[in-house]
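First the structure, in the form of structure tokens, and then the observations on it.
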Amino acid sequence: MSAPTTTRADHSAMTHREIMEALSGLLLVLFAAMASSTIVSTALPKIIGDLNGSQTQYTWVVTATLLTATATTPIWGKLSDLFSKKLLVQLSIVIFVLGSLIAGFTQNTEQLIAARAFQGIGMGGVQALVQVAIAAMIPPRERGRYNGYLGGVMALATVGGPLLGGLIVDSDWLGWRWCFFIGAPFAVIALIVLQKTLHLPVMRRDNVKIDWMGASLIAAGVSVILVWVSFVDDSFAWISWETLAMVGAGVILLALAVWVESRVAEPVVPLPIVRQRTTALAILGSLAVGMAMFGGSVFLGQYFQIGRGYSPTQAGLLMIPMMIGILVSSTIAGRMITKSGKIKPYIVAGTIVLVVGFAGLATLDHDTPLWYVGIAMALVGIGVGMSMQNLVLAVQNTVALKDIGAASSTVAFFRSLGGTIGVSVLGAVLARQVSESMTEQMTAAGMPAGSSNSGVSALNLSSLPEAVQHMVRVAYGDATGHIFLISAAVAVIGVVAAVAMKPAMLRSTVDVGATTEKEPALAAK
């Protein structure tokens, strides 16, 4: 093993130009990863329709990516505390590019789900490691200002992604496969930029031990629970031997993971960090925000296209209010946090606005005025922008630099877990509501149940009779409000967690052990 390598002794002394040069590659990586999801969000109804898939498969195309990203996030984070952060970022980009290309060549929904699962491994690494790299370069007090840039890039991906996805799907000379191909060039460019601009210390330690047992148990336990969440009350009943077997296996695996993590020298998820008050509450808040971020983008795109009859491009345009809300709130909140050094008020305000926004979306049906939908989406975006990144920042402010990777990835892990569970549960509720509505409408119209879509997906509207198309639109439009009522209830947990967080001033150093002349004054405030 080679000698330790560093680029500078004190990373808190990095100039603004040096930080921005390094951020350019990291933000480009994040843009490529996030855009790959948002591009697909508006194109997915068309993709699943062309592949003749079901509503359950629609949900699983999203769930598969979130599942693997969630399961691998703590592993990426822990590895970043042991090995080269730069090398790990580059490795995650390579996996992401390969997954994107494979997804673009798939021929059925089963292949697409598998490809997206592989792509999720790379996405999990990118999302976790970008946060880790930024934390290794910038002190928490200054990080709020740079989180504004981060929020801007995320907003650009979330605003531009749906629009780009819609344009690709609506263009006959491209087709939906380019929704997956288009992210690869951006990722390759990011890989090249990172090679030239990202210079972080490589901290190599003797006798390094990777907790493969704990990582495997965590991944297996989470996967089993999420598979159960996706299929319960559809393929089998809540009270059944399948439920007993899957939930029991998941609980046992996670209990074994906790036992292993409490005993190994290098745990994937350090339990002392998780037991800290700030981290524990940030985890609860991240679960709620995760459901907002993923559930909103996935099912709102479907609502506009299937429930309201808009094209993919129009659906992307209609989602702009939510994306603008994320952009404006994250940028303004980031700068105000940097100026004041206080973070709790913004997290509390963000989670409250999030609940209000979801409560507004809970009243949606197939003919709700678009201006009302836009206002509710904007509130959801504002809530996400004020809370999502700042929950990670609150945790990073409490841990030492050596634990930044594990702490950041732990919060990201639970945020992704919330998103995965949210998409799975909301998708199952939506499918059940749509099925019941279709049965009622067909019975009222004197049509035998099941005669509307023999061999044809309900999402493939162009292949259905006009009368049935109207029934599908009513069913999806009216069912969407039910799932956002659930989201509003879960988001209340985020408010409780935010209120319970202990107020703290952001430190002005990269590591908790370092001090500056300003630190005593800040602590005294």
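Only heavy atoms go into these numbers, but all of them, side chains included; no hydrogens, no water, no symmetry mates. The residues of the chain are indexed from 1 along the displayed sequence.
- Considering every non-hydrogen atom in both Val380 and Leu354, the closest pair reads O-CD1, 3.7 Å.
- Side-chain atoms of Arg116 never come within 3.5 Å of backbone atoms of Gly99 as a donor-acceptor pair (strictly under, hydrogens ignored).
- In this structure, the side chains of Tyr303 and Ile483 stay at 4.5 Å or more apart for every pair of heavy atoms.
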**Asked** side chain to side chain contact (heavy atoms under 4.5 Å, CB included) between Tyr476 and Gln302: does it pass, once the steps are laid out?
**Response** CA-CA 8 Å; Tyr476 273 91; Gln302 189 177 30; 3.5 Å; yes

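- When every heavy atom of Leu318 is checked against every heavy atom of Pro321, the shortest pair comes out as O-CD, 3.3 Å.
- Tyr372 contributes no side-chain N or O that, together with a main-chain N or O of Leu364, makes up a donor-acceptor pair within less than 3.5 Å.
- In this structure, Leu101 CG and Gln119 CD are separated by 9.5 Å, a value rounded to the nearest 0.5 Å.
- Closest heavy-atom contact between Ala491 and Phe358: CB-CD1, 4.1 Å.
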**Prompt:** How far apart are the C-alpha atoms of Ser437 and Asp478, what are their side-chain angles, what is the distance that settles it, and do they pass the side chain to side chain contact (heavy atoms under 4.5 Å, CB included) test?
**Reply:** CA-CA 9 Å; Ser437 177; Asp478 294 351; 5.6 Å; no

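- Between the side chains of Thr368 and Asp365, a donor-acceptor pair is found at a separation under 3.5 Å.
- The ring of Phe181 has its center closer than 6.0 angstrom to the ring center of Phe105.
- Annotation: side chain of Ser487 is not in contact with side chain of Leu361 (no heavy-atom distance under 4.5 Å).
- Looking at Thr68, its side chain does come within 3.5 Å of a backbone N or O of Ala117 through a donor-acceptor pair.
- With rounding to the nearest 0.5 angstrom, the CD1 atom of Ile324 is 11.0 Å from the CD1 atom of Ile382.
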**Asked** For Leu164 and Ile168, what are the C-alpha separation, side-chain angles and deciding distance, and is it a side chain to side chain contact (heavy atoms under 4.5 Å, CB included)?
**Response** CA-CA 6 Å; Leu164 185 57; Ile168 291 173; 4.0 Å; yes

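- With hydrogens and angles ignored, the 3.5 Å screen pairs a side-chain donor or acceptor of Thr351 with a backbone N or O of Val348.
- Applying the 6.0 Å contact sphere to CD1 of Ile239 captures no more than 12 heavy atoms from other residues, nucleotides or ligands.
- Side-chain contact between Phe180 and Ile47 is present, with at least one heavy-atom pair separated by less than 4.5 Å.
- Annotation: the span from Met501 atom CE to Ile347 atom CD1 amounts to 4.5 Å, rounded to 0.5 Å.
- Contact annotation: the side chain of Val373 approaches that of Phe304 to within less than 4.5 Å [non-hydrogen atoms, C-beta and beyond].
- Heavy atoms from other residues, nucleotides or ligands lying under 6.0 Å from CZ of Phe186 number 12 at most.
- Between the side chain of Thr65 and the backbone N or O of Gly120, no donor-acceptor pair lies under 3.5 Å.
- One finds the CD1 atom of Ile48 at 6.0 Å from the CG atom of Leu112 (value rounded to the nearest 0.5 Å).
- The shortest side-chain heavy-atom distance between Val97 and Ile93 falls under the 4.5 Å cut-off.
- The shortest side-chain heavy-atom distance between Val61 and Thr109 does not fall under the 4.5 Å cut-off.
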**Request:** Decide side chain to side chain contact (heavy atoms under 4.5 Å, CB included) for Trp228 and Thr243; before the verdict, give the C-alpha distance in whole Å, the side-chain angles of both, and the deciding distance to 0.1 Å.
**Result:** CA-CA 7 Å; Trp228 170 76; Thr243 291; 3.2 Å; yes

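- When all heavy atoms are compared, the tightest approach of Gly122 to Ile95 is N-CG2, 3.6 Å.
- A distance of 8.0 Å separates CD1 of Ile337 from CE of Met386, quoted to the nearest 0.5 Å.
- In this structure, Ile121 CD1 and Ser92 OG are separated by 11.5 Å, a value rounded to the nearest 0.5 Å.
- Here the shortest heavy-atom pairing between Ala497 and Gly285 reads CB-N, 3.9 Å.
- Gly381 and Ser329 get closest at one heavy-atom pair: O-OG, 3.7 Å.
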